[in-house]
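Before any comments, here is the structure.
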Amino acid sequence: MADPRGGARVDPSPFLVWSLGMTAPSSSAPEAIAGVLVTWRRLLMVAGPEARRYRRAVALFSLAAVAQGLALCCLFPLFEALLAGPPAWGSVALWLAIMLGAAAADLVFSWHGHAFEYDGTIADVTHALRLDLGERLRRMPMEILARHRTGDVSTTLGSHIDEAVVPMGTLSQVMIRTVGVPLTVIGVTAFISPGLALALALILPLAVPIYRHQRRASARERREGAAAHARTESDLIEYTQGLAVLRAVSQTGRQAGRLRESLAALRRVQTEALLASLAPALLMSGLMELGLLAVLGLGVLWVSNGSLALSALAALLIIVMRLGEPLALFSELTKTFDLMEAALERLEALRSVPSLPLLPAAPRVPDAPAVSFEHVSFTYAGTETPALRDVSFRLAPRTLTALVGPSGSGKSTVARLLLRHADPQAGVISLQGQDIRTLAPETLMRQLSVVFQDVHLFNESILENIRMGRPDADDAAVLDAARAAHCLDFINRLPQGIHTPVGDIGGSLSGGERQRLSIARAILKDAPLVLLDEPTAALDTESERVVQSAIDALVQDRTVIVIAHRLSTVVAADTLLVFDQGRIVEQGSHGALLAEGGAYAALWRAQDGLKAWHA
Ligand SMILES: Nc1ncnc2c1ncn2[C@@H]1O[C@H](COP(=O)(O)OP(=O)(O)OP(=O)(O)O)[C@@H](O)[C@H]1O
């Protein structure tokens, strides 16, 4: 047969194809071998520090399969001794004892192999994998993480880890048994009756085409099922998280409709999968039984013409009945195996996302600016248009700089790159003369305080939420920060004051109060550089006034970068960097830029006009 990729292809033996076909729905033996190796490599990957113990378990399962095959083969001499003229009781006893020994060896090997599961190793592997993935998520570029839907990541960390790890011991054993026992039996039968061995070796591959069909059907279900599950979980998370917004805009029904669609799609996929997998499973077990009966028929024929001993046929009768067992079991476990492969694939994909590199530290440059961007260009993955183009600026310590410009001009991207959510494709970003790629994530984050418009509060007390700014701060320092950020007035009104759990007061904190908590965190952190995504933009005048006082306390004696949406809030900035389509088109003070009459002056006029219109 011609290889579609060119070159001659050696047709593998049917038994090899059959045995390898167990592990991958591939069209050729080399592909099947590659499939087995990929699964094996992935299993060792997830086993991590326990890989050696998993290898040992697999070796023990292989020995157990050989022992079971040998125990079955003892039936040949046993029946020969039993059916001899007068039964040779000595031999019968001997072969019975050997059989018993082989069966005991099978049990001992299996038992020790399964130690991988019952001594807690499986639980250790699951635990270590979750910790490892959690750590990787922590170091994963935020820009890449943000592209995954929350549901995808939590499903991988939750159910995918279980699907990949929990069945790995049992499935490995069943698979090894399904291949190992018949191989041993055929090997031994070849010495007793080469014809019978050949018939067995030919009959067993009958399962291949049906099995392939089953794998293909379940592979399709795996793909569609995983997609349908991921979609449902994401929609569910989005629905519950966004319920408040949806209610506010009276869209709960519409969004629920989307969720209903996802659930209906999931049901459809599951129904189709059941239909597609049941028929081949029944067909496979039926065909295998017919095939094995055909081997028996052949045996009867050979007995009738004297070329096979009756004792050998009697032994074969029992052996073929036993051979079908692991095969049927494996057929039932195909779905679990598919789920495991799909989960392994996803785990590998998540693990293979490279974390941002840490470059070797260079000596600090004396008198360096607090922040510098040198010819920075950045394009988001999957997009063509650069979000930043050759951006350069230097900020002196303890100055206030505002980033202004139309929506989409690149202001937030500057902040994201400074926080190292991603690295720019060109240029260097430095903090106090040090390339941020040389700073460990913790060191970088120690130098930066961030106050965004969206404040995430964790389900802990107000005290602990503020303490997150500096985990080693004592209660008095947390209280000082809360006071400086003008939080005490509303905190003192809460049922348990600063010890009130955020979960209890839920959404009852106003936007301005949440902002002030976030500012208290930043004050406590006491980082030299403060990054503000104009926190007052969405507040009413009264809240804005209090939050502005809190900000004033935060920014004292610090280098501050403000992403400004309303120009009126940044007229006092030392420098305004005016962005347009990813470039800095102007820079200077408010007065100087107005006098210049360029892009900034036009933006100012536009916002002024808008204010007049509102008035
Ligand atoms: N995660 C992302 N993936 C792809 N493109 C993005 C992503 N985030 C932003 N962009 C694009 O990069 C460009 C700059 O966006 P950026 O968020 O920096 O603008 P901005 O000036 O902060 O806008 P706004 O004032 O509306 O927040 C825009 O064209 C935007 O569509």
Side-chain angles (χ1 to χ4, degrees), residues 137 139-153 234 238 350 353-356 371 373-393 395 400-427 429 436 448 450-456 511 515 518 529-539 544 560-571 573 575-587 590 593 598-600 602-611:
L137 284 181
R139 284 185 278 124
M140 190 180 285
M142 285 295 287
E143 212 265 299
I144 295 185
L145 192 58
R147 271 186 267 142
H148 289 275
R149 294 176 79 189
T150 324
D152 287 350
V153 176
S234 291
E238 256 165 39
L350 202 60
V353 175
S355 39
L356 292 169
V371 179
F373 272 52
E374 305 284 347
H375 304 290
V376 170
S377 295
F378 177 72
T379 307
Y380 284 96
T383 64
E384 300 277 311
T385 321
L388 291 182
R389 304 164 200 249
D390 196 20
V391 167
S392 295
F393 59 84
L395 310 184
L400 194 152
T401 305
L403 312 183
V404 300
S407 180
S409 55
K411 307 178 297 285
S412 306
T413 305
V414 167
R416 286 184 204 124
L417 293 185
L418 201 53
L419 290 164
R420 221 176 162 208
H421 286 189
D423 280 341
Q425 285 84 16
I429 302 170
I436 59 170
L448 277 162
V450 189
V451 180
F452 284 133
Q453 285 185 24
D454 284 336
V455 180
H456 187 83
Q515 286 291 354
S518 158
L529 177 64
V530 178
L531 193 57
L532 299 169
D533 184 4
E534 200 180 4
T536 58
L539 301 181
E544 180 182 347
V560 184
I561 299 177
V562 185
I563 299 172
H565 300 279
R566 291 171 309 161
L567 303 182
S568 58
T569 57
V570 288
V571 286
T575 314
L576 294 139
L577 301 178
V578 187
F579 283 81
D580 192 21
Q581 295 184 25
R583 287 184 204 284
I584 295 183
V585 289
E586 286 174 6
Q587 55 180 303
H590 169 73
L593 289 176
Y600 178 74
L603 275 175
W604 178 259
R605 277 197 305 274
Q607 285 209 352
D608 239 17
L610 206 60
K611 261 189 281 175

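Positions are given from 1, in the same order as the sequence printed here. Order of appearance sets the numbers: ligands from 1, and atoms from 1 within every ligand.
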Verdict with reasoning, Ile584 to Phe579, per side-chain contact (heavy atoms from CB on, under 4.5 Å)
CA-CA 5 Å; Ile584 295 183; Phe579 283 81; 3.8 Å; yes
Close side-chain approach of [X] and [Y], heavy atoms under 4.5 Å:
X      : Y      : result
Val455 : Gln515 : yes
Val571 : Trp604 : yes
Ile561 : Leu418 : yes

Checking [X] side chain against [Y] main chain: does a donor-acceptor pair fall under 3.5 Å?
X      : Y      : result
Thr379 : Glu384 : no
Glu586 : Leu593 : no
Gln587 : Thr575 : no

Any idea which atoms of ligand 1 are less than 4.0 Å away from a heavy-atom of [X]?
X      : value
His565 : 25 (O)
Ser409 : 19 (O), 20 (P), 21 (O)
Ala387 : 12 (O), 13 (C)
Arg416 : 8 (N), 9 (C), 17 (O)
Thr383 : 4 (C), 5 (N)

Any non-hydrogen protein atom below 4.0 Å of atom 2 (C) of ligand 1?
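There is a protein heavy atom less than 4.0 Å from atom 2 (C) of ligand 1.
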Less than 4.0 Å is my threshold; does some heavy atom of Gly405 fall inside it relative to ligand 1?
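Outside the 4.0 Å threshold, so no.
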Would you say Pro406 touches ligand 1, if touching means a heavy atom closer than 4.0 Å?
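Distance cut 4.0 Å: Pro406 passes for ligand 1.
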Heavy-atom proximity to atom 22 (O) of ligand 1, best of Pro386, Gly382, Ala381, Ser412:
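The residue whose heavy atom sits nearest atom 22 (O) of ligand 1 is Ser412.
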Looking only at distance, does Lys411 have an N or O less than 3.5 Å from an N or O of ligand 1?
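Yes - when backbone and side-chain N and O of Lys411 are compared with those of ligand 1, one distance drops under 3.5 Å.
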If you have a sec, work out which protein heavy atom is nearest [atom] and how many Å separate them, to one decimal?
atom                    : answer
atom 26 (O) of ligand 1 : Ser407 OG, 2.6 Å
atom 10 (N) of ligand 1 : Tyr380 CE1, 3.3 Å
atom 15 (O) of ligand 1 : Thr413 OG1, 3.7 Å
atom 14 (C) of ligand 1 : Gly408 O, 3.4 Å

Suppose the criterion is salt bridge (charged side-chain N to carboxylate O under 4.0 Å, His left out): which pairs have a residue in residues 401-424, not counting sequence neighbours?
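Only Arg420-Asp423 qualify under salt bridge (charged side-chain N to carboxylate O under 4.0 Å, His left out).
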With side chain to side chain contact (heavy atoms under 4.5 Å, CB included) as the test, pick out the partner of Val560 among Leu395, Leu400, Thr401.
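Among Leu395, Leu400, Thr401, the one that satisfies the side chain to side chain contact (heavy atoms under 4.5 Å, CB included) with Val560 is Leu400.
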